Engineer: 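Here's a structure for you.
The chain is numbered in sequence order, starting from 1. The shown structure was predicted, so the numbers you read here are calculated from the model rather than taken from an experiment.
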Amino acid sequence: MRQQVHFVTLSTADLDAARRFYRDGLGWEPLADVPDEILFFQVGPGMVLGLFDAVKFGHDLSGSDAAASGPALSQTPVSGVTLAHNVEGPEEVAWTVEAMVQAGGRVLRAPEHGEFGGVHHAFVEDPNGVVWEVAHNPGRHVDQTGNVVLG
């Protein structure tokens with residue numbers, strides 16, 4: 001198996017709230033928008049973020065046995081995961097957090113200097129509980145071949 005990820009798909013309790021947050025509030029352009037089912041946003045070269053209606057997410061995982069296990073799976077909250085959005089400097093961290101709040105997000109941790117690697121970051125939760133880290137990491141850059149360099 002090659003070391004790559006093409007889609008990150010998250011179970012989403014309120015797809016309309018996700019649409020208002022990402023599309024209407026942040027101005028993201030959907031790659032595909034299937035009402036009452038799923039939203040797709042291209043978030044990088046070859047990388048797609050999917051926000052999948054929670055009930056249909058549970059059915060997708062359960063297959064034909066959805067009646068037995070679908071509801072439990074569909075109500076599982078996102079836990080132990082952050083999505084990171086890296087920016088050019090501390091001022092952009094603050095600006096991005098404010099844009100996310102205006103779009104309906106909730107600040108979990110205000111912008112501040114982190115404990116590791118000189119990072120300046122904040123954490124914002126979207127209306128469905130997806131946690132975003134907005135960060136400036138002076139040790140992170142992408143080289144000319146597209147590889148991430150940390151240091």
Engineer: So which atom in Leu26 and which in Ala103 form the shortest heavy-atom distance, rounded to 0.1 Å?
Structural biologist: CD2-CB, 3.9 Å
Engineer: Any heavy-atom pair between the side chains of Val48 and Phe41 that's under 4.5 Å?
Structural biologist: no
Engineer: Any chance you could measure Leu49, atom CG, to Thr9, atom OG1, to the nearest 0.5 Å?
Structural biologist: 7.5 Å
Engineer: Name the atoms and distances for all side-chain donor-acceptor pairs under 3.5 Å in residues 113-120, with sequence neighbours left out.
Structural biologist:
unit_1	atom_1	unit_2	atom_2	d
His113	ND1	His120	ND1	3.4

Engineer: Within this structure, what is the OG1-CD distance for the pair Thr82 and Glu133, rounded to the nearest 0.5 Å?
Structural biologist: 5.5 Å
Engineer: Of all the heavy-atom pairs spanning Val97 and Ala122, show the shortest one and how long it is.
Structural biologist: CG2-CB, 3.5 Å
Engineer: Check the angle between the aromatic planes of Trp28 and Trp132 and answer parallel, tilted or perpendicular using the 30° and 60° thresholds.
Structural biologist: perpendicular
Engineer: Take Tyr22 and Leu51 through the test side chain to side chain contact (heavy atoms under 4.5 Å, CB included) and record every step on the way to the result.
Structural biologist: CA-CA 10 Å; Tyr22 293 98; Leu51 301 166; 3.6 Å; yes
Engineer: Considering only heavy atoms from C-beta outward, does the side chain of Arg106 approach that of Val101 to under 4.5 Å?
Structural biologist: no
Engineer: Ignoring hydrogens, what is the shortest heavy-atom contact between Ala135 and Val93? Give both atom names and the distance.
Structural biologist: C-CG2, 3.9 Å
Engineer: Would a single hydrophobic cluster contain both Val5 and Val130, if residues Ile, Leu, Val, Met, Phe, Trp and Tyr are joined by side-chain heavy-atom contacts under 4.5 Å?
Structural biologist: yes
Engineer: Is a donor on one side and an acceptor on the other found under 3.5 Å between the side chain of Thr12 and the backbone of Leu10?
Structural biologist: yes
Engineer: Indicate yes or no for a side-chain donor-acceptor contact from Asp143 to the backbone of Thr145 under 3.5 Å, with no hydrogens or angles considered.
Structural biologist: yes
Engineer: Ignoring hydrogens, what is the shortest heavy-atom contact between Phe57 and Ser11? Give both atom names and the distance.
Structural biologist: CD2-CB, 3.5 Å
Engineer: Over all heavy atoms of both residues, which pair between Phe40 and Ile38 is shortest? Give the atoms and the distance, please.
Structural biologist: CZ-CD1, 3.4 Å
Engineer: Carefully, step by step, assess Asp60 and Lys56 under the rule side chain to side chain contact (heavy atoms under 4.5 Å, CB included).
Structural biologist: CA-CA 6 Å; Asp60 199 40; Lys56 292 186 177 159; over 6 Å; no
Engineer: Under 4.5 Å between any side-chain heavy atoms of Val131 and Leu83, yes or no?
Structural biologist: no
Engineer: Could I get the full list of side chain to side chain donor-acceptor pair (under 3.5 Å) partners for His85, not counting sequence neighbours?
Structural biologist: none
Engineer: Passes ring pair (Phe, Tyr, Trp, His ring centres under 6.0 Å), Phe123 versus His121? Steps please.
Structural biologist: CA-CA 7 Å; Phe123 292 89; His121 63 166; 5.1 Å; yes
Engineer: Could you pull out all residues at least two apart from Arg140 that satisfy side chain to side chain donor-acceptor pair (under 3.5 Å)?
Structural biologist: none
Engineer: Going by the side chain to side chain donor-acceptor pair (under 3.5 Å) test, which pairs reach into residues 31-54, not counting sequence neighbours?
Structural biologist: Arg19-Asp33
Engineer: Sequence neighbours excluded, which residues qualify as salt bridge (charged side-chain N to carboxylate O under 4.0 Å, His left out) partners of Arg20?
Structural biologist: none
Engineer: Return each pair, listed once, that meets side chain to side chain donor-acceptor pair (under 3.5 Å) where at least one residue sits in residues 87-101; pairs must be two or more places apart or across chains.
Structural biologist: Glu98-Gln102
Engineer: Should Val142 and Met47 be regarded as members of a common hydrophobic cluster, given that ILVMFWY residues are connected when their side-chain heavy atoms come within less than 4.5 Å of each other, either directly or indirectly?
Structural biologist: no
